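Here the structure is laid out as structure tokens; the discussion comes afterwards.
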Amino acid sequence: MISLRKTPRLKSLVCLLLCIPALFSFKAADKQYRETIDLSGRWQFAPDEQNSHIGQKLAAPTFTDSILLPGTTDTNHKGRKNDTRTTMHLNRNYVYEGPAWYRKEVVIPANWKNRSISLFMERTKPAKVWIDGQFAGESMLLESPQEYDLSRLLTPGRHIITLCVDNNAKRTPYGGVHMYSERYPDQLERCYRSLLSGSIGNRSESPIYKSLPTLKTRKQFAGVKLNRAPKSGNLSLDLFISKEENGKPEALPPAGFTMKSDSILTVTYNFSDISLWDEYHQPLYKINAVVSDGKQADNRTATFGMRKFATRGTQFTINGRTTFLRGKHDGCVFPLTGYPPMDTTGWMRVFRIAKSYGINHYRFHTWCPPEAAFTAADHLGIYLQPELPFWGGLDADSTATMLTKEGIALLKSYANHPSFVMFGMGNEIWSGHERVKKVLTTLKQSDSRPLYSEGSNNNIGYAPSIDEEDYHVAARTPFAHDSILTHIRLIHAFLRLKRWWHPQHRFTFDAN
């Protein structure tokens, strides 16, 4: 969805901290103070493969074409018709690489005056934004939603939004990760060729609830962090919670609070009963938090589950019970569209098929799915491990900085989902491990809820575990020399390759 949203200048909930259901009062549980203008549909479009118009000063090309959004350049038949076919990877029907421009007129209602308005884009590539020719910002985020505060520029009346999205792989240092490249056999064009979805409105950080810290306690905390709290006076915090399990909704007792204005409002709530989430049972709670200063009000809603995914010795546990991960590698292979489903219905179909084969765990190889995937996994009980978009040697501080920003944004956007239980730093990271360790440590400090791994199959062989990671994903067990006896990855263990990697993806086998 592409849309415009407003929020009161109170600009309230940025993130609901700590934990869970809390407190409510007299207002209707479904009360909404935010408004949305849907921007999906036809946008003006201009290709710019020669990169002749990029810069903060708007010098957009002439718009002589149009495109349907949400969508991609492939689905809109933009770019060169691809008549070339190869057996080395899946084949795109249309090829476009480089900057592409999008433009649309929007009308801001009069009652949006002095409101907070922001642009939100999920599943796009490096982008720049202009409002009426004025530069509004840029973002390099790939896996996480890009957000732009447009409050100063979008006053009531007509405005022109101009976007430039650049899918050139040279724009990032990540290389051929599954988030970006079509070079590998299990990859095709992703949803990065153009703006796929987004919304405009005040979309502050997603609410954050801690997982159940211990199964013995029934006391939880709820906190609301304000972007811009009034300097003085009182604020009311009203929280409404419902629980849904097996399709049956249940309203929990509401509660309301009045307190002095502060940047973080914290309250305590004691549960009489807590339903725990896992692969067999998926009770989900929904909260609507309303903050008011008596003149203006704002609200945020969020869905979450109560669970504790942890380790005990050499095993994983869910809510204190040992669990076994029956996992699947996912390389973002969606050949009919070239991009993953962007709605919950599409991901429900994917996960139901996987679950019918006994799969309860997904590893997303060097990519992270959209929020719709986490929502579907929440409802079906699938344990997810997204990864940072990195594959290779982390040999530059600048790349490590970009990955850190990507990881923090990803956690803020998706870690509230109970299905987000594990987080990997990348695939086959063969150098720069000290930088990887720093990225991992920073992310754990930012959000300690998921379990963290230094990477999957690091060194493309044996790499020792480190203290900072919660679990270790290895290609082989420790041994003094290369031997099939130590290989636990099937391509190593059973093919007995002399030369298992070749630029043409061909293999030479041991005659024995």
Side-chain angles (χ1 to χ4, degrees), residues 143 178 186 209-212 215 243-247 274-285 303-334 340-341 343-388 410-411 414-425 427 447-453 455-457 469-475 488-490:
E143 297 186 323
H178 284 208
D186 55 351
Y209 301 89
K210 292 292 184 185
S211 317
L212 194 62
L215 299 181
K243 183 184 77 171
E244 182 175 326
E245 187 172 9
N246 299 322
I274 296 177
S275 297
L276 300 179
W277 181 97
D278 61 18
E279 65 179 287
Y280 304 107
H281 306 282
Q282 295 83 45
L284 295 174
Y285 293 87
T303 301
F304 59 96
M306 296 291 290
R307 58 98 179 117
K308 184 179 181 181
F309 190 85
T311 61
R312 183 169 56 215
T314 60
Q315 296 176 311
F316 292 107
T317 63
I318 178 70
N319 303 327
R321 185 183 70 252
T322 301
T323 189
F324 180 69
L325 298 185
R326 305 176 298 278
K328 178 190 180 301
H329 163 284
D330 189 289
C332 197
V333 185
F334 298 93
D343 59 356
T344 302
T345 301
W347 278 103
M348 292 284 279
R349 177 181 180 274
V350 170
F351 288 146
R352 281 194 178 111
I353 293 172
K355 202 162 186 178
S356 71
Y357 285 90
I359 297 296
N360 69 352
H361 164 57
Y362 261 64
R363 175 213 168 189
F364 294 101
H365 183 314
T366 58
W367 76 291
C368 177
E371 186 162 24
F374 293 95
T375 301
D378 293 345
H379 283 87
L380 293 177
I382 305 289
Y383 305 123
L384 303 185
Q385 175 191 303
E387 284 184 351
L388 290 178
L410 191 152
L411 290 165
Y414 303 136
N416 188 56
H417 291 273
S419 57
F420 189 158
V421 299
M422 307 162 81
F423 195 6
M425 298 299 99
N427 181 68
D447 194 326
S448 61
R449 289 173 296 171
L451 300 183
Y452 288 83
S453 172
S456 297
N457 307 313
E469 60 182 350
D470 301 302
Y471 65 100
H472 188 70
V473 183
I488 56 178
R489 185 170 158 183
L490 293 183

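Predicted model only: the values in this text are computed from it and were never measured.
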Residue pair Ser453 / Gln385, side-chain heavy-atom distance below 4.5 Å: no
Flag if over 12 foreign heavy atoms under 6.0 Å of CZ, Arg349: no
Heavy-atom donor-acceptor pair, Gln315 side chain to Thr322 backbone, under 3.5 Å: no
Ring geometry between Phe420 and Phe423 (parallel below 30°, tilted from 30 to 60°, perpendicular above 60°): perpendicular
Approximate separation, where rounding is to 0.5 Å, of Leu284 CG and Met306 CE: 12.0 Å
Inter-residue atom distance Ile274.CD1 - Arg307.CZ, 0.5 Å rounding: 14.0 Å
Side chain proximity check, His281 to Leu276, heavy atoms < 4.5 angstrom: no
Distance, nearest 0.5 Å, that separates CD1 of Ile382 from CD1 of Ile359: 8.5 Å
Validation row: Pro370, Trp347 side chains within 4.5 angstrom (heavy atoms): yes
Counterpart residues, ring-ring contact (aromatic ring centres under 6.0 Å, His included), relative to Phe316 (two or more places apart): Phe309, Tyr471
All pairs passing side chain to side chain donor-acceptor pair (under 3.5 Å) where residues 372-382 contributes a residue, at least two apart: Asp378-His417, Asp378-Ser419
Check: Asp330 side chain, Arg363 main-chain N or O, donor-acceptor pair, under 3.5 Å: no
Phe364 side chain near His178 side chain, heavy-atom distance below 4.5 Å: no
Aromatic plane relationship, Trp277 with Tyr383 - under 30° parallel, 30 to 60° tilted, over 60° perpendicular: perpendicular
Any donor-acceptor pair under 3.5 Å from Asn360 side chain to Leu325 backbone: no
Heavy-atom side-chain proximity of Glu143 to Pro386 below 4.5 angstrom: no
